[in-house]
Amino acid sequence: MKALPADFYERPVLEVARELIGCTLAHDGAAGVIVETEAYHESEPACHAFVGLTPRTRTLLGPPGRAYVYRSYGIHALFNAVCEPDGVGAAVLIRALDPLAGVDSMRSRRARTVAAPPREVDLCSGPGKLTQALGITLAHNDGSLCGGPVLIGERPEGRRAPELIAARRIGISRAVELPWRFCAAGSRHLSRPPGAL
DNA sequence: CATGGGATTGACT
DNA sequence: GTCAATCCCATGC
């Protein structure tokens, strides 16, 4: 799998969020096709970088092409790709994957917190689920996405670019009206079906 | 220094 | 549908 170059991320975060649908996310022998993303930008209050530079947002405001991984609800690690030029706080949250490789290791990692054997469709159908399935942790924060252990690669050969659906972002309380969530149309691996705008 | 709120998930009623 | 788990850190006194 060929990794996307760093300059792919040094562009408007909405473009990157759309174009990452259909690309692959891989770590430690497991990989999936990205089917759901959300864009965040420092100009709107749902973005962590809205408040400016703090210890938490250091990575988010840093150079593009790196991982921004943070803890959510005290429990889950959420994975983002940092975008736009160094100094601009913007990132794409990866919310769901269509499992492509290493399904067995995904299943065993997910089984540590799920009582029933997880179905394939539930392995990566959420931002906290996919980091667990791939073994991505807070230790990967600020790591390169082009040469690090966590890689984002081009769309697999022979796989068509999916049709996109825009929707409102999930689980936020501010700037809820922005249609900055992007889904692969018809995917069975989404965290939630996209609603009407 | 104390408090409160999450870019969530899974179990339970 | 409801609810607890559990940590980082921004905010306010």
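In the text below, chain A, chain B and the rest are named by the order of the sequence lines, each starting its count at 1.
Between the side chains of A:R109 and A:Q132, not a single donor N or O lies within less than 3.5 Å of an accepting N or O.
A:R181 comes within contact range of no nucleotide atom at all, as no heavy-atom separation falls under 4.0 Å.
Taking side-chain N and O atoms only, A:S173 has no distance below 4.0 Å to OP1 or OP2 of B:dG5.
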*asked:* Across nucleotides 4-12 of chain C, 5' to 3', mark each nucleotide with B, S or - according to how protein heavy atoms within less than 4.0 Å reach it.
replied: -BBB-SSS-
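Nucleotide B:dT8 holds its P atom 10 Å from the CD atom of A:E36, rounded to whole Å. As rounded to whole Å, 14 Å separates atom C1' of B:dA11 from atom CG of A:D122. Atom pair A:L123:CG and B:dT9:P shows a separation of 13 Å (rounding to whole Å applied). One interatomic measurement links the two molecules: CD1 of A:I94 to P of B:dA7, which rounds to 17 Å at whole-angstrom precision. The CZ atom of A:F50 sits 18 Å away from the P atom of B:dG5 (whole-angstrom rounding). Atom P of nucleotide B:dT8 and atom CG of A:L93 are separated by 8 Å, given to the nearest angstrom. To the nearest angstrom, P of B:dT8 lies 15 Å from CG of A:L190. Atom CG in A:L130 sits about 12 Å away from atom P in B:dT8, given to the nearest Å.
Cation-pi check for A:R11 over A:F8 is met; the charged atom lies under 6.0 angstrom from the ring centroid and within 45 degrees of its normal.
Not a single donor-acceptor pair under 3.5 Å links the side chain of A:R58 to the backbone N or O of A:D142. Panel note: side chain A:T37, backbone A:A17; a donor-acceptor pair is recorded below 3.5 Å.
Nearest heavy atom pair, residue A:A184 against residue A:P162, reads CB-CB, 3.8 Å. Closest heavy-atom contact between A:L138 and A:Y70: CD2-C, 3.5 Å.
When the nucleotides B:dT9, B:dA11, B:dA7 are ranked by their closest atom to the side chain of A:Y40, B:dA7 comes out on top.
Nearest-nucleotide positions on DNA chain B for A:A115 and A:I172 put A:I172 closer to the 5' end.
A distance of about 22 Å separates the C1' atoms of B:dG10 and C:dC8, rounded to the whole Å.
For the pair A:L60 and A:Y40, the minimum side-chain heavy-atom distance is 4.5 Å or more.
Dense packing is recorded around CD of A:E177, with more than 12 heavy atoms of other residues, nucleotides or ligands lying under 6.0 Å away.
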_Checking A:L20 against A:F182 for the side chain to side chain contact (heavy atoms under 4.5 Å, CB included) test, could you report, in this order, the C-alpha distance in whole Å, the side-chain angles of both residues, the deciding distance, and whether it holds?_
CA-CA 9 Å; A:L20 280 178; A:F182 302 99; over 6 Å; no
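Pairs of Watson-Crick or G-U wobble type, with distances under 3.5 Å, assemble into runs of 3 or more in DNA chain B at these ranges: B:1-6 with C:7-12, B:8-12 with C:1-5.
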